[in-house]
Amino acid sequence: MEKTDFELKKEIVSAVSQQLNRVLKSPTVTEIGDGNINRVFRVSAEDVSMVVKYASESAVILPTIKLSRNRGDREGKYLALAGKYSRNMLPKVYFYDENRFMLFIEDFGSVSTLSDKLISGDFDSFDVENMAIFTAETCFFTSRYAITKPVKDHSDIFNFHDLCKLTQQLVFEQPFYSHENNHFMPENRSFVEENVYNNSLLKERAEELKHDFINNHEAVIHGDLHTASVFSIDGRNVVFDAEFSYNGPIAFDLGNILAHLLMTYFRWSVAPKSNGVDAETIIRKAYEYLEIFRKRFSSLTDASGKEELPDSKSIVERIISFSYGYAAVECLRRVIGLAKAPIFTRDLSDGERAAIERCLILAGRELLEKDHCFVSANDLLGFVKEVLMKGRN
Ligand code: SR1
Ligand code: MG
C-alpha cells in the first residue's frame, strides 16, 4: 500500500539521518515536483538540503501505469556515469536508499528548467556548445564504438526496462491510432486522422524507428532528454531526470532536444508575444547543436574508436539522420499522446495552441515520411517556414 504523505516525509527524514548517522536539526520536507513519473521533495535541516526523488508504485500522471521501483537506482547510476565525462553538467548524487526507493541528489534551490526559459523567450539559456559536447562525450564514451566501454559494472540496469517499454507505447505506438490516452485540440481531429491515424506510410516509419529504439544498443543514453529535463542555472545547463536512461540509440537523445527546439520555434512564430524574440534563432541553434555534436563525436571516434569500425563519418551521419526521425515521433507523441509539453500548452489561446499542434504534426509527418538531409541552418529554416505556412491556418 502507498504511504500517506505524513509517513513518506517521516521516511525521508529517517533516510537522511541514517545516511549521515545523526539526528537532523529542525528538518522540513516540502513537495516540489510536478513530474509525470515520480514524486519530488526537498528535505532541509539546519546544515543540509537535498532533493529527493521518490519512486511510487505507479506514475504520478496516470495511476494505472504501474512501474518497477528501482528507477532511482538507475537514475543515480546514469548521473554518476555521465558525470565522469561531462563538465559540471549534472547534479551531484548523494545516495540511493534501495529499501525506500528514494534517490537523494543536489539541491540547486529554486531554479527554472530550460523549457521555462524557452517559453519566456530566453533562447540564450540553451547552452548549445556545452549541451552538444555533453551529448557527444557521454554517448561516445559509453558507446559500443569506444575502445573502453565503462559500463560493465552495472550494465544490466541499462538493459531494456519497463520505462523503455513505456516509451515504446507512448512514443511509437499510441499516438499513431485512436487511443484513450490521446488528447489534442478538438478542432484538429480530422487533421490528426488524415495525417496520422489513416497514414500507413507514417505508421511504417514509426515502426522502423521503434525497431531501432528497441534493438540498437549503441550507448548509454539519457532516454528522456527534452528541455524540461534540463535546468538553466545562471547560464549553465544542468541535465537531470534520468530514470529513462538506457543502452539505446544515440539519435534518440539528439532527437528529443531537436523536437523541443522545433516546438519552441512554432510557439514563437505562431504566438510572438514579446518584442525582440526572433523565433528563427532557435532553429539556428538547433542546427548548430547537431553540427557541434557531429564534429565532436567524429573526432572522438577517430581518436578513441575501435580499430575495426567503419569510418566515423558514416556512423555519425546515420546518427544525425535518425535524430530527425526521432524528433518527428517526439513532436507527434507530445501533441497527440500522453504527457504534453508546456511549450505548446502554457499561456496560449486555444487557437494558437491548435495552430502549433498542426505545425508539429506536419513537421513530424514530413520528417518521418521523407529522408530529409539538411545541409545548413538556412536549409532547416526553409523547411520549418514552409511547415509554418501550411500549419498556422
Ligand atoms: C507516463 S508519462 C511518461 C512521460 O513522462 C516523462 O517525462 C517522459 O517524457 C515520458 O514519456
Ligand atoms: Mg521526466
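All of these numbers come straight from a predicted model, not from anything done at the bench. Whatever order the structure lists them in is the order used to number ligands and atoms, beginning at 1. This chain uses plain numbering: 1 for the first residue, then up along the sequence.
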Requested in this report: Give a yes/no verdict on whether any heavy atom in R334 is under 4.0 Å from an atom of ligand 1.
Outcome: yes
Report task. Look at ligand 1 and say whether L170 reaches it with a heavy atom at a distance under 4.0 Å. Result ->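 Yes; L170 lies near enough to ligand 1 that a heavy-atom distance drops under 4.0 Å.
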Query - Donor-acceptor contact present, side-chain Y78 to main-chain D241, <3.5 Å - result: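 The answer is no, because no donor-acceptor pair under 3.5 Å joins these two groups.
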For [X], counting its heavy atoms only, list the atoms of ligand 1 lying under 4.0 Å from any of them.
X	answer
H226	7 (O), 9 (O)
I65	1 (C)
I61	1 (C), 2 (S)

Report task. Decide side chain to side chain contact (heavy atoms under 4.5 Å, CB included) for F160 and Q168; before the verdict, give the C-alpha distance in whole Å, the side-chain angles of both, and the deciding distance to 0.1 Å. Result -> CA-CA 10 Å; F160 192 89; Q168 178 187 321; 3.5 Å; yes
Tell me which protein heavy atom sits closest to [atom], plus the residue, atom name and distance to 0.1 Å.
atom	result
atom 5 (O) of ligand 1	N36 ND2, 2.9 Å
atom 7 (O) of ligand 1	D224 OD2, 3.0 Å
atom 10 (C) of ligand 1	F244 CZ, 3.6 Å
atom 11 (O) of ligand 1	R333 NH2, 2.8 Å

Query raised in the report: Heavy-atom contacts under 4.0 Å between E330 and ligand 1: side chain, backbone, both, or neither?
Result: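 Answer for E330: neither.
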Requested in this report: Determine whether the side chain, the backbone, both or neither of K340 has a heavy atom under 4.0 Å from any heavy atom of ligand 1.
Outcome: neither
Query raised in the report: Hey, are N216 and D212 close enough side-chain-wise for a donor-acceptor pair under 3.5 Å?
Result: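 Side chains of D212 and N216: pair found under 3.5 Å.
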Requested in this report: May I ask you to check whether D162 and S68 show a side-chain donor-acceptor distance below 3.5 Å?
Outcome: yes
Query raised in the report: Is there an N/O/S atom in D241 at a distance below 2.8 Å from the Mg ion (ligand 2)?
Result: yes
Report task. Any chance you could lay out the side chain to side chain contact (heavy atoms under 4.5 Å, CB included) test for K385 and E280, step after step, and finish with the verdict? Result -> CA-CA 9 Å; K385 280 182 181 170; E280 295 187 5; 2.9 Å; yes
Given the side-chain rings of [X] and [Y], with only the six-membered ring counted for Trp, is the space between their centroids under 6.0 Å?
X	Y	value
Y246	F213	yes
F374	F383	yes
F231	F240	yes

